[in-house]
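Note that the coordinates shown come from a computational prediction; the quantities given were computed from them, not determined experimentally.
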Amino acid sequence: MSVNGEAVRVGPGTGRADEPGWEVDPDDDWALAVVATVGRQLKLRREAVGMRVPEFAVAVGYGEDLVYKIESGKRIPRPEYLDTADEILRAGGLVAAMKEDVRKVRYPKKVRDLAQMEARAVELQLYDPLHIHGLLQTPEYARALLSMRRPAYSAEEVERFAAARVVRRAIFDRDPAPELGFILEEWTLRRPLGGREVLRAQLEHLLSVAALPTVELQVMPTDRQEHAGVDGGIEVLKFADGTAVGRSPAVAGGRAVSDLRQLRILELRYGIIRAQALTPRESIAFVEDLLGET
């Protein structure tokens, strides 16, 4: 069974339960290979100590069906599952060590690819007209936003995607840190998604991020009569070797582009939006006022 998308361990005699676990994306070849390898190792070690699946399921505290699915590479094991299995199978830390590989495949492929690019970028220019940008979202705000998607995500998917956004926030801890520019729409800062307390915590988080020396946060007021961002969001990531990649719904159908001509269009639009928005100092004052009203 599950609570808020998390697997709940079951006691002896309740092995019929099929806890949700983490599903493997059937189109993610690397994740499939990693999970299959982890499952195979778990099965070999279980058999090496002479334990059958029913016995192991009781010992590890999860349902038999989940054990079969993990060992056959159909489910991604959770970290606590690997820790417990390591103890039961007397693996001396070798099973628990697989948590790092599992952690990497826990998130969808497109999220991993984006995180890898963000990890290499030395400068990011980001504008999202619909939401507070994912890199700026608190876990509570991310969950609230993901829960409103239709068709609805499952509780497990909400937790998985929210966790992926939190992991991407490691970009703020890099040393040296990249230069990060965010442009946010005023209305996204006013809409209380998830409730007033969630919004308040989100605004407080924005102020703490905006205080970082490598971050520029700007707000586009709703009453602006000119706005160069009417064609949609913009993402431009620049790398140390001088190359860059960008994306916008208005360019190449939203696909990532590295062509200089298309990148110039994105940077031109982003630059105009920056000029039309409040300055970083004005934006901080604006968010502080909103916080006082919330």
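Between H205 and R169, some side-chain heavy-atom pair lies under the 4.5 Å cut-off. Contact annotation: the side chain of F56 never approaches that of V49 to less than 4.5 Å [non-hydrogen atoms, C-beta and beyond]. Within the 4.5 Å cutoff, side-chain heavy atoms of V102 are placed close to those of P77. Within the 4.5 Å cutoff, no side-chain heavy atoms of S258 are placed close to those of T243. Side-chain contact between V257 and L266: present, with at least one pair of heavy atoms (C-beta onward) separated by less than 4.5 Å.
Between the side chain of D86 and the main chain of G93, a donor-acceptor pair closer than 3.5 Å is present.
A85 approaches V60 most closely through the heavy-atom pair N-CG2, 4.2 Å. The minimum heavy-atom distance between A59 and M51, with the atom names listed, is CB-CE, 4.1 Å. When all heavy atoms of R196 and T294 are compared, the closest pair comes out as O-CG2, 3.8 Å. Pairing each heavy atom of L189 with each of L199, the nearest pair is O-CD1, 3.5 Å. What you find for I183 and A277 is that their closest heavy atoms are CG2-CB, 4.4 Å. For the pair K99 and L82, the tightest heavy-atom approach, listed with the atom from each and the gap, is CG-CD1, 3.7 Å.
Atom CD in E64 sits 10.0 Å away from atom CZ in R52 (nearest 0.5 Å).
In summary, E156 and R160 do not engage in a salt bridge, as defined by a charged side-chain N under 4.0 Å from a carboxylate O. The pair K238-E267 meets the salt-bridge criterion, since a charged nitrogen lies less than 4.0 angstrom from a carboxylate oxygen.
Counting non-hydrogen atoms of neighbouring residues, nucleotides and ligands closer than 6.0 angstrom, the CD atom of E197 reaches no more than 12 such neighbours. By the 6.0 Å contact criterion, CZ on R174 is enclosed, its count of non-hydrogen atoms from other residues, nucleotides or ligands being greater than 12. Applying the 6.0 Å contact sphere to CD of E226 captures no more than 12 heavy atoms from other residues, nucleotides or ligands. Within 6.0 Å of CZ on R224 lie more than 12 heavy atoms contributed by other residues, nucleotides or ligands.
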Practice problem: With side-chain contact (heavy atoms from CB on, under 4.5 Å) as the test, would you mind laying out the steps for F172 and V209 before giving the verdict? | Solution: CA-CA 8 Å; F172 296 106; V209 172; 3.6 Å; yes
Exercise. Any chance you could lay out the side chain to side chain donor-acceptor pair (under 3.5 Å) test for Y127 and E235, step after step, and finish with the verdict?
Key: CA-CA 6 Å; Y127 165 62; E235 297 180 1; over 6 Å; no
Exercise. Apply side chain to side chain donor-acceptor pair (under 3.5 Å) to E185 and H227, showing your working.
Key: CA-CA 11 Å; E185 289 289 340; H227 193 332; 2.5 Å; yes
Exercise. Show your reasoning for whether side chain to side chain donor-acceptor pair (under 3.5 Å) applies to E204 and Q202.
Key: CA-CA 5 Å; E204 291 173 343; Q202 178 64 70; over 6 Å; no
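In this structure A144 satisfies the side chain to side chain contact (heavy atoms under 4.5 Å, CB included) test together with M148, sequence neighbours excluded. By the side chain to side chain contact (heavy atoms under 4.5 Å, CB included) test, P280 is found to be paired with E216, Q218, residues two or more places apart in sequence or in another chain being considered.
Listed by first then second residue, pairs satisfying side-chain hydrogen bond (donor to acceptor under 3.5 Å, both in side chains) with a partner in residues 38-48 read R46-E71, not counting sequence neighbours.
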